[in-house]
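Below is one structure, written out as structure tokens, with a few remarks after it.
Naming: A, B, ... by sequence-line order, numbering from 1 per chain. In this text, all values refer to a predicted model and were calculated from it rather than measured experimentally.
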Protein chains: 2
Amino acid sequence: MDKKALFDKWVSFTTSVHQVTHELTQNAKSDSITPVQYNILEYITVSQPVTPSEISDCQHISMPNTSRELKKLSEKDLIEKLSDTEDRRKQYIRLSKEGETMMNEAFAIVESRFQSRIRNASKEDIEDIERAMDILQTKLFY
Amino acid sequence: MDKKALFDKWVSFTTSVHQVTHELTQNAKSDSITPVQYNILEYITVSQPVTPSEISDCQHISMPNTSRELKKLSEKDLIEKLSDTEDRRKQYIRLSKEGETMMNEAFAIVESRFQSRIRNASKEDIEDIERAMDILQTKLFY
DNA sequence: CTACTTACTTATCATTTGATAACAAAACTA
DNA sequence: TAGTTTTGTTATCAAATGATAAGTAAGTAG
């Protein structure tokens, strides 16, 4: 297989990943937050504590818009802001108790859908899947 | 590894896929179309000819909004609408010459970024990547 | 032929998102 | 200390997106 064919395969593969991700995550989030807010919360969940700048960089949202959305999340009591004691310009963002509860619920829905998707997979299948994800994450999606 | 751990790995994996996809595709599209319009064109590109209903289903856009965006793409001469001769309610959407040119340019940018990402991969790496994508597409992202 | 369904369109409205300018406060640097 | 950079905020505006109601035209079923 030449490199052009590998690219085509990559296109098809990523399309499938996006498709399935959408299936598993749709309607999992609470209606009280917007899609962008959910993405931010998801990022905070796996990376906390994070600064607004990091959120801005990783989620590709401008600082003013990041600040606005964080303010809204804060007003909804889903996150907490802590000032860095060293550099008082910086803030550390964490999920609040409520935010954690909300994200746990969302993740539980997604996980149950995920588990039912692999319900019929054999032990060998699971190991194959695991290995394949490791390979791709190391060699392609680093 | 238990199934919970596999789920965690899946979360991390899909996050990476989305991250890298974003890197490779950012600014590849023409400024004259919106992100949603690009997604629609991308779908048409790989699946043409398609009906508005199929676009609506697969891209998760309501029929009224799909219709609106297709109208805009049509006004920009990027797509062509053909009525089905059998069932005259149906339409078949295809890229126009201009639409193809635009999508070819976008894909060329993405592909060159993709190729430079795997520039350092050995022949074995390429084969591993290829196999891993096959496995995941068959067993997980079907 | 009538009623119902399907495929798509038009119009309208509210919300979300993205972009920009202007600002403030803290930290760094020469 | 004066000027610069970093980090974040506020305000404002335009564009993109999502949702809904109402309508048309073609096909289908009784």
For [X] and [N], what is the distance between atoms [atom1] and [atom2] respectively, to the nearest whole Å?
X	N	atom1	atom2	answer
B:Gln91	D:dT24	CD	C1'	13 Å
B:Lys90	C:dT9	NZ	P	14 Å
A:Ile55	D:dT7	CD1	C1'	13 Å
B:Glu75	C:dT10	CD	P	9 Å
B:Leu73	D:dA16	CG	P	12 Å
B:Leu70	C:dA7	CG	P	15 Å
B:Ile40	C:dC8	CD1	P	13 Å
A:Lys71	D:dT7	NZ	C1'	17 Å

Do the side chains of [X] and [Y] get close enough for a salt bridge, i.e. N-O under 4.0 angstrom?
X	Y	value
A:Glu127	A:Lys123	yes
A:Lys72	A:Glu75	no
A:Asp134	B:Lys9	yes

**Message:** If you define the side chain from C-beta out and look only at heavy atoms, does anything of A:Leu6 sit under 4.5 Å from B:Met133?
**Reply:** yes
In the structure I gave you, are the side-chain heavy atoms of A:Thr51 and A:Tyr92 within less than 4.5 Å of one another anywhere? yes
| message | With clusters defined by side-chain heavy atoms of hydrophobic residues (ILVMFWY) lying less than 4.5 Å apart, directly or transitively, does A:Tyr43 cluster with B:Val20? | response | yes
Quick one: which protein N/O atoms are closer than 3.5 Å to N/O atoms of nucleotides 16-19 of chain C? Pair and distance per line, please.
residue	atom	partner	partner atom	Å
C:dT17	OP1	A:Val36	N	3.2
C:dT17	OP2	A:Thr34	OG1	2.6
C:dG18	N7	A:Arg68	NH2	3.1
C:dG18	O6	A:Arg68	NH1	3.0
C:dA19	N7	A:Asn65	OD1	3.4
C:dA19	N7	A:Asn65	ND2	3.1
C:dA19	N6	A:Asn65	OD1	3.1

Is the phosphate of D:dT9 approached by A:Lys81 (side-chain N or O, under 4.0 Å from OP1 or OP2)?
yes
Atom pairs under 3.5 Å, N or O on each side, protein against nucleotides 26-30 of chain C: can you list them with distances?
residue	atom	partner	partner atom	Å
C:dA26	OP1	A:Arg88	NH2	3.2
C:dA27	OP1	A:Glu86	O	3.1
C:dA27	OP1	A:Arg88	N	3.0

Check: Are a donor atom and an acceptor atom from the side chains of B:Asp125 and B:Ser122 found within less than 3.5 Å of each other?
Finding: yes
Exercise. Regarding B:Glu54 and B:Ser47, is there a side-chain donor-to-acceptor distance under 3.5 Å anywhere?
Worked result: no
message = Just to be sure I understand the rule, does A:Thr66 reach a base, reach only the sugar-phosphate, or reach nothing, if contact means heavy atoms closer than 4.0 Å?
response = nothing
Name the orientation class of the two ring planes belonging to A:Phe7 and B:Phe114 (parallel below 30°, tilted from 30 to 60°, perpendicular beyond 60°). tilted
